[in-house]
Amino acid sequence: MKFGGTSVATVERIRNVARHVKRELAAGNEVAVVVSAMAGKTNELVAWCKETSPLYDQREYDAVVASGEQVTAGLLAIALQEMGAPARSWLGWQAPIHTNDTHGSARIESIEGAGIIEGFKRGEVAVVAGFQGLHKESGRITTLGRGGSDTSAVALAAAIKADRCDIYTDVDGVYSTDPRVVPKARRMERIAFEEMLEMASLGAKVLQVRSVEVAMVHKVPTFVRSSFDDPANPGAGTLICNEEDIVEAQVVTGIAFSRDEAQITLRRVADKPGVAAAVFMPLAEAGINVDMIVQVVSEDGNTDMTFTVGSADYERAFAILEKIKDDIGFSSMAGAKDVAKVSAIGIGMRSHAGVAARAFRALSEKGVNIRAITTSEIKFSVLIDEAYTELAVRTLHTLYGLDAA
Ligand code: ADP
Ligand code: ASP
Ligand code: MG
């Protein structure tokens, strides 16, 4: 069972979490619980690091931001004990959850569940601090990137061979799009791993991308459900499952969006072999992810090149290109941060033609200009002005028949 920030935001909510845990114990289950920090806590800790020094040491960042989960793990263990359920907290280094040393966005390498399983034999609930791990060689605390408690939970479930992993959050499942933006969004009974992976990586923050990968690789039956349901009578939520286990397949199952995008355009780049490499290699070497790429060839052998990077990388990317401007040879550079990426996802796109074309028409009828497009087997994305995000999401949601009755 994993409980996110809003679900453990206060001591009273932590008591409510304990009631959910007690229900599962009463049903005869052994339970490991993964908790996030209280809502807003991690943001506060991150801000403190930046305030102390904009160029903070990533290892110390991890030491600071991992503290939020330490508090909630201890508090939930106390709440459970108070209700008569033996419980013990486990920090990342105690479990231990081994990670690599990419501080700030470490990847889990292995989890030793033996101590936790010993605890089960003593009748104890294991309360595990999410988001954090240990780099064994250096002995330092690491964190898994924002939203990383989801990954802690799924990886732990895989390590201790849990029957299932329930991700409790502040919505009662995975919806066809963010229900806070589109009230007509529909909850899904099931969603395929591949679709959930695309939804998460294209901006649906309900699950961390890495958690879906781990669930898929280790075949962990994962449910997304609400901690605000009555602990005595909770709903089932959404099951993330194999494609074959979905009965009523649709062409488009979900719409995702991300406002964390930035666009860069290079004007009058020489149109000759090696130019794309000259532009994108330095960005790759700096660890900057480039997403959409559009190249327009003009008649005189020059081309305009537009691409997107995450908005957090925008200034860095700009500075790198500025430095190599003369080597590459382009006339000028322009950029925009007020852009958003809206994507439609569905396994059915593999076998249906014209799915994206319908979207382009619908968006044009609403006056939404498309700056760039990318497509792959089961999704397509458009880059638009940020101000039109909600309009575009709602337009596509209606277009593909996703609106709830
Ligand atoms: P937690 O703190 O429990 O990890 P998050 O805020 O990380 O919760 O994730 C839950 C939020 O994800 C919801 O409140 C919702 O606004 C957002 N969300 C975005 N896209 C979706 C979607 N397709 N289905 C459900 N929730 C979504
Ligand atoms: N507390 C961490 C964060 O806010 C991890 C998580 O909530 O999953 O990113
Ligand atoms: Mg989350």
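Values below: all heavy atoms of this structure, side chains included; hydrogens, waters and symmetry mates excluded. When a ligand or atom number is given, it counts from 1 through the structure's own listing order.
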> Are any of the N/O atoms in G145 less than 3.5 Å from those in ligand 2?
Replying inline: no
Using a 3.5 Å cut-off on N/O to N/O, what pairs does ligand 1 make with the protein? A line per pair would be great.
{"from": "ligand 1", "atom 1": "2 (O)", "to": "G5", "atom 2": "N", "distance (Å)": "3.1"}
{"from": "ligand 1", "atom 1": "3 (O)", "to": "T169", "atom 2": "OG1", "distance (Å)": "2.7"}
{"from": "ligand 1", "atom 1": "4 (O)", "to": "K2", "atom 2": "NZ", "distance (Å)": "3.1"}
{"from": "ligand 1", "atom 1": "8 (O)", "to": "T169", "atom 2": "OG1", "distance (Å)": "3.1"}
{"from": "ligand 1", "atom 1": "14 (O)", "to": "D170", "atom 2": "OD1", "distance (Å)": "2.8"}
{"from": "ligand 1", "atom 1": "14 (O)", "to": "D170", "atom 2": "OD2", "distance (Å)": "3.4"}
{"from": "ligand 1", "atom 1": "14 (O)", "to": "R180", "atom 2": "NE", "distance (Å)": "2.8"}
{"from": "ligand 1", "atom 1": "14 (O)", "to": "R180", "atom 2": "NH2", "distance (Å)": "2.9"}
{"from": "ligand 1", "atom 1": "16 (O)", "to": "D178", "atom 2": "OD1", "distance (Å)": "2.9"}
{"from": "ligand 1", "atom 1": "16 (O)", "to": "D178", "atom 2": "OD2", "distance (Å)": "3.4"}
{"from": "ligand 1", "atom 1": "16 (O)", "to": "R180", "atom 2": "NE", "distance (Å)": "3.0"}
{"from": "ligand 1", "atom 1": "23 (N)", "to": "Y175", "atom 2": "O", "distance (Å)": "2.9"}
{"from": "ligand 1", "atom 1": "24 (N)", "to": "Y175", "atom 2": "N", "distance (Å)": "2.9"}

>> Less than 4.0 Å is my threshold; does some heavy atom of G148 fall inside it relative to ligand 2?
In response: yes
Please set out all donor-acceptor pairs under 3.5 angstrom arising from side-chain atoms of residues 346-354, sequence neighbours excluded.
{"from": "R350", "atom 1": "NH1", "to": "E243", "atom 2": "OE2", "distance (Å)": "3.0"}
{"from": "S351", "atom 1": "OG", "to": "G348", "atom 2": "O", "distance (Å)": "3.4"}
{"from": "H352", "atom 1": "ND1", "to": "G348", "atom 2": "O", "distance (Å)": "3.0"}

>> Please tell me whether F307 and F280 form a close aromatic pair, meaning their ring centres lie under 6.0 Å apart.
In response: yes
> Can you find a side-chain donor-acceptor pair between H103 and E60 that sits under 3.5 Å?
Replying inline: no
> About how many Å separate CD of Q208 and OG of S201, when rounded to the nearest 0.5 Å?
Replying inline: 11.5 Å
> With distance as the sole criterion, is a donor-acceptor pair present between the side chains of T143 and D62 under 3.5 Å?
Replying inline: yes
>> Less than 4.0 Å is my threshold; does some heavy atom of G5 fall inside it relative to ligand 2?
In response: no
>> When you compare ligand 2 with T42, is there at least one nitrogen or oxygen pair between them that comes in under 3.5 angstrom?
In response: yes
> How about Y168 and H20: are their ring centroids closer than 6.0 Å?
Replying inline: yes
> Given that the side chain starts at C-beta and the backbone is N, CA, C, O, which of these parts of E69 lies under 4.0 Å from ligand 2, counting heavy atoms, or is it both or neither?
Replying inline: side chain
> Do D150 and ligand 2 have an N or O pair less than 3.5 Å apart?
Replying inline: no
> What is the nearest protein non-hydrogen atom to atom 4 (O) of ligand 2, stated with its residue, atom name and distance?
Replying inline: R146 NH2, 2.9 Å
